[in-house]
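Comments concern the structure below.
The chains referred to below are lettered A, B, ... by the order of the sequence lines, with proteins before strands, and numbering in each begins at 1. Values reported hereafter were calculated over all heavy atoms of this structure, with side chains retained and with hydrogens, waters and symmetry mates removed.
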Amino acid sequence: MQEKYAFHLIEPKWQKRWEEDGLYNVDRRGNRPKLYCLEMFPYPSGDLHMGHVRNYSLGDSVARYYRMRGYDVLHPIGWDAFGLPAENAAIKRGIHPADWTEQNIANMRQQMHRLGFSYDWRREVATCRPDYYKWTEWMFLLLYKRGLAYKAAAKVNWCPSCATVLANEQVVNGACWRCHTPVEQRQLEQWFFRITAYAEQLLEDLRMLTDWPERVKVMQANWIGKSEGAEVTFTVEGTGQEITVFTTRPDTLFGVTYLVLAPENPLVEELAAGKPEAVAVRRLAAEAARVAARQRTEQEKIGVPTGAWAINPVNGERVPIWVANYVVMEYGTGAVMGVPAHDQRDFEFARKFGLPVRVVIQPQDGPVPEEGEDLEAAYEGPGTLVNSGSFDGLPWEEGKKRITAWLQEHGAGKPQVQYRLRDWLISRQRYWGAPIPLIYCDHCGTVPVSENDLPVLLPRNVDFRPGGPSPLARCPEFVNTTCPRCGRPARRETDTMDTFMCSSWYYLRYASPHDDQAPFQPADVDYWLPVDQYIGGIEHAVMHLLYSRFLTKVLYDAGLVKFREPFQRLFTQGMVTLGGSAMSKSKGNIVDPNDIVAKYGADTARVFTLFAAPPERDLEWSEQGVEGAYRFLNRVWRLAYELEPLVRQPRGGRAQGGNDPSAWPKEDRELRRLLHATVKKVGQDIGERFMHNTAISSIMELVNALYDYRQNVPPERQNAVLLREALQKLLLILAPFAPYITEEIWHQLGWEGSIHLQPWPQWDEAALAAEEVTVVVQVNGKVRDRLVLPADTPEEVLRQKALQLPKIQPFLAGRTVDKVVSVPGRLVNIVVH
RNA sequence: GCCGAAGUGGCGGAAUUGGCAGACGCACUUGACUCAAAAUCAAGCGUGGUUGACCCCACGUGGGGGUUCGAGUCCCCCCUUCGGCACCA
């Protein structure tokens, strides 16, 4: 065996060999359990960054572990390859997006090879290739046919920097999720997916996801934003028009002292027309229109009366109708009933504009002033109905039900559930995306492209110069076509799909990556899906993960898949930081994985990223920590080098006491116990706990124990059988984390076959029981001494020995022993006073 | 404001079921090897007190209270940090 750990020679050698042997290719066989381990596929930006290294190292160790445990492991990778940076490269550097993307893919694929990730490369997909986006278009048509795709004019989020619209999920704090430019509101006609039709299921099925992080489920639930309440219909005095409001507090209906409409509500103009208030109303509406709905939060509440009045259905009272900027058109009905006594926003508004405040809920304890005019703030808590006619005295929850029922009986309302979720806007005014497969015909209207004509190909020669309509709209060869229905000249849709559409179904494609008849074969998907373990960043908690869940449910309803949820277990890993913040080009705090691999090797990079922090937390990059990981691998190498003569002895060498471990000396039995305990723990840490950091630390402890044994046991007494077993198992459990060095040592020591095809080592449960235990002796809960005893010492003997310990005596002198608590194998606690 | 997660040495973190707090690693200190350095190996390394030394004692997991023989872990209150949602009626 070589004396030096020459990673730079070892790693390229095995990389090539594994690839030639197709070591990680997997096919549907069915005679072994399957496991689908998936990491979120990357955008091919050009280079892997440390976040990728961490994400893929995590997934790879899981995949390798289960492979060794006898599973057929589907572990694929691909490229989320449509998107704006490719188009920007075209604009800035004159390189075509397709070429730019393919070059980046080639480079990143090479980096992944160097890192030794165990992918089945035959299954690689790229969303920008026609053989993939053909099926993205197919998915669009599926939604279209099922009535889940529609075109509508709406006020939408526009990113001026990306020159395209964005979905609500893609606006973060009022800015574009990708480039952080503040978004603007624009009135445009766009394509939407009716994700709101699945709001209830998307919310309800979160319960099934018991192996998802709580915070992701909470974020999705918040995003869906379910509210239960009632719709109440008010009549406009004089005209008989109706204004419907949504409220979660029908129990406060007797407390209504005004109505408010959103400035964009079309009723506003109707109501004010011809009245003296019309000028002020129009001015307010115009003012509000200038401010994006999402930025209104910081605005002062402003409002004006419309001059119209409404009749409260429950008591026939006249209340004024106002317009105010604190009501949003996009939620509910764009109209709200004002109950200042029991809603803080209404309270502030009423105080500012001198509207009356009427108390209709009395809390159980501590009276709220009966006269609303004395209130200092709205009372929003529970209580009993007052000033509410025949409903007086009801508990509020009961009041909600009874008043809603009354409204329903009298045709003035009904129970209503509202969701905050909006439909998914999928049009993008960009070139580098999957075309929306629709044709507009002057005679036939909107006509979907026939499935047989898919894919609608992106034309290669387009004009990328910025400004004006999107490149596709400026490409007559693309735009001009014939109507599939009537054959007359027609125009293609020139918007492309949101790239989140491409990534919302890719995990299905890996099952049948090259099928040209269907997006996937049922037999493949039924076998491999759902994904058993999905790993990625938290940033996709409500974007990618929500869209993928939605699409899966649509496919389920269409009978195309047999599962309702695509990702069984989800793990969200933390960021890689340097100087406390995420690595980014703009901050200039980048560590290039290429440099680390060149300097220390891929195994070191992998071991460091897995060891330095628990996977879910942020990982602060540390060059010294990397050196620590490198030192550890060198210690493993040296250990193997030193043990080689022992390992290679004919018939495995000798062991004092023969091959029966129970006859071995104590040091041998102790080392064997640690070995077997470590094998068990590492398996649990990867498979059950997802704590790769503690898995590696326990392997380090094993290595340390082996060094101690070598140093402390005289050479002639060292147990070759044990050391051989220990080294072999050590390599096997380290293999998922450090695939190169373990493979190399495995072969240098003369063991057969790839280490990565070996079964996970067995552990002997009987070997785990320590023969001797250290029992802590406490007095009043404080540790005063320790006893080392055989593990099977009877509890009575244990207590006796503890009470007789010399160090204990001073603490017992002059005191009475109340009781003695003992836990065999752990402690004795003597309670005195 | 509502919801969620977290808070442990100089640093990253461990403690899986209520049972020795600080595993493992980094940094640091000392020693061995060396002409020297690097590498490697060995020892030490929570805070305070005490001692010639060994020992020993007290305190210690964001703060305060509680349950328990025993709390980093369970309960209540509070503080801080991070994340999500937010005039959503």
Provide, to the nearest angstrom, the distance between the CD1 atom belonging to A:Ile696 and the C1' atom belonging to B:rC26.
15 Å

Does a distance-only test, which skips hydrogens and angles, find a donor-acceptor pair under 3.5 Å between the side chain of A:Asn829 and the base of B:rC69?
yes

Nucleotide paired to B:rC82 in any strand shown, Watson-Crick or G-U, under 3.5 Å:
B:rG4

Complement of B:rC59, any strand, by Watson-Crick or G-U distances under 3.5 angstrom
B:rG46

Donor + acceptor pair across side chains of A:Tyr326, A:Glu348 (<3.5 Å):
no

Please report, rounded to the nearest Å, how far the P atom of B:rU40 is from the NZ atom of A:Lys4.
10 Å

Any base atoms under 4.0 Å from A:Phe811, or only sugar-phosphate, or nothing? Heavy atoms, all strands.
sugar-phosphate

Across the strands shown, which category fits A:Gln624 at heavy-atom distances under 4.0 angstrom: base, sugar-phosphate, nothing?
sugar-phosphate

Of the candidate nucleotides B:rG4, B:rC41, B:rC69, which contains the atom at the shortest distance from the side chain of A:Arg638?
B:rC41

Among B:rA14, B:rC85, B:rA42, the one nearest any side-chain atom of A:Gln711 is B:rA42

With rounding to the closest Å, how many angstrom separate the P atoms on B:rA15 and B:rC54?
33 Å

At under 4.0 Å between heavy atoms, what does A:Pro614 touch on the DNA or RNA strands: base, sugar-phosphate, or nothing?
sugar-phosphate

Closest nucleotide among B:rA14, B:rC69, B:rG84 to the A:Met219 side chain:
B:rG84

Between A:Val783 and A:Gly625, name the one whose nearest nucleotide on RNA chain B is closer to the 5' end.
A:Val783

Checking A:Lys301 against A:Phe349: charged group under 6.0 Å from the ring centre and within 45 degrees of the axis?
no

Need one value for A:Ser227: base, sugar-phosphate or nothing, where a base atom within 4.0 Å counts as base even if backbone is also close, heavy atoms only.
sugar-phosphate

Salt bridge check: are A:Glu688 and A:Lys681 linked by an N-O gap of less than 4.0 Å?
no

If you pin A:Met691 and A:Lys782 to their nearest nucleotides in RNA chain B, which one's is more 5'?
A:Met691

Indicate, with a heavy-atom threshold strictly under 4.0 Å, whether A:Lys681 touches base, sugar-phosphate, or nothing.
base

Between A:Trp177 and A:Phe500, is the gap from one ring center to the other below 6.0 Å?
yes

Taking B:rC24, B:rC85, B:rG19 as options, the one with an atom nearest any side-chain atom of A:Met700 is B:rC24

Watson-Crick/G-U partner (both atom distances under 3.5 Å) of B:rU73
none

Closest to the side chain of A:Asn704, out of B:rG4, B:rG25, B:rA89, is B:rG25

Charged N to carboxylate O under 4.0 angstrom, A:Glu380 versus A:Arg249?
no

Spacing between A:Tyr709 atom OH and B:rC41 atom P, to the nearest angstrom
20 Å

What's the gap between B:rC3 and B:rC77 when it is taken at their P atoms, as a whole Å value?
12 Å

State whether A:Glu200 and A:Lys226 are salt-bridged, where the test is any N-O pair (Lys NZ or Arg NE/NH1/NH2 against Asp/Glu carboxylate O) under 4.0 Å.
yes

Cation-pi geometry met for A:Arg358 and A:Phe254 (6.0 Å, 45°)
no

Same-atom distance (P) from B:rC24 to B:rA43, integer angstrom
12 Å

A:Tyr600 OH to B:rA39 P, straight-line distance once rounded to whole Å:
11 Å

What does A:Asp346 touch in the nucleic acid at a heavy-atom separation under 4.0 angstrom: a base, only the sugar-phosphate, or nothing?
nothing

Checking side-chain polar atoms at under 3.5 Å, does A:Gln220 have a donor or acceptor matched by the opposite partner on A:Arg549?
yes

Give A:Lys807 one of three labels, base, sugar-phosphate or nothing, depending on what nucleic acid heavy atoms sit under 4.0 Å from its own.
sugar-phosphate

Can you tell me whether the base of B:rG13 sits syn or anti, using the 90° cut around 0 to define syn?
anti

Check the phosphate of B:rA27 against A:Arg631, side-chain N and O only, distance under 4.0 Å to OP1 or OP2. Yes or no?
yes

Of the listed B:rC20, B:rG84, B:rA58, the closest approach to the A:Val776 side chain comes from B:rC20

Closest to side chain of A:Arg215, choosing from B:rU16, B:rG4, B:rA14
B:rG4

Report the nucleotide, chosen from B:rA14, B:rG25, B:rA23, that has the shortest atom-to-atom distance to any side-chain atom of A:Glu701.
B:rA23

How far does the P atom of B:rU40 sit from the matching atom of B:rG52, given to the nearest Å?
40 Å

Cut-off 3.5 Å, side chains only: do A:Glu620 and A:Thr577 have a donor facing an acceptor?
yes

Aromatic A:Trp212 / basic A:Arg569 pairing, under 6.0 angstrom, 45° off normal
no

Using whole Å, report how far CZ of A:Arg617 lies from P of B:rG83.
16 Å

So, is A:Thr694 close to the B:rC24 phosphate, meaning a side-chain N or O under 4.0 Å from OP1 or OP2?
no

Nearest-Å distance once atom P is located in both B:rU81 and B:rC76:
23 Å

Any base atoms under 4.0 Å from A:Gly225, or only sugar-phosphate, or nothing? Heavy atoms, all strands.
nothing

Give a yes/no answer on whether the side chain of A:Arg786 brings an N or O atom under 4.0 Å of OP1 or OP2 in B:rG19.
no

With a 4.0 Å cutoff (strictly under), does any side-chain N or O of A:Tyr331 reach OP1 or OP2 of B:rA89?
yes

Taking atom C1' in both B:rC74 and B:rU61, compute the distance separating them and give it to the nearest angstrom.
16 Å

Taking a pair as Watson-Crick or G-U wobble with both distances under 3.5 Å, which nucleotide is matched to B:rU68?
none

For B:rG18, which nucleotide in any strand shown is its Watson-Crick or wobble partner with both distances under 3.5 Å?
none

Between P of B:rC57 and CG of A:Asn780, the distance in whole Å:
14 Å

Between P of B:rC41 and CG of A:Leu639, the distance in whole Å:
11 Å

Complementary nucleotide for B:rG12 - Watson-Crick or wobble, under 3.5 Å:
B:rC24

I want to verify a distance call: between B:rG4, B:rG12, B:rC69, whose nearest atom is closest to the A:Ala613 side chain?
B:rG12

Between B:rG19 and B:rA27 - P atom distance, rounded Å:
33 Å

When we call it a touch if two heavy atoms are under 4.0 Å apart, what does A:Arg784 touch: a base, just sugar-phosphate, or nothing?
sugar-phosphate

Take the protein atom CG of A:Leu421 and the nucleotide atom C1' of B:rC85, then report the distance between them rounded to whole Å.
14 Å

Looking at B:rA36, which nucleotide sits across from it as a Watson-Crick or G-U wobble partner, both distances under 3.5 angstrom, or is there none?
none

Any donor-acceptor pair under 3.5 Å between the side chain of A:Lys301 and the base of B:rC87?
yes

Rounding to an integer number of angstrom, what distance separates B:rG72 and B:rC85 when you compare their C1' atoms?
31 Å

From C-beta outward on A:Phe611, which listed nucleotide comes closest to its side chain: B:rG19, B:rG25, B:rC85?
B:rG25

Using a 4.0 Å heavy-atom cut-off, does A:Met337 contact any base of the nucleic acid, only the sugar-phosphate backbone, or nothing at all?
nothing

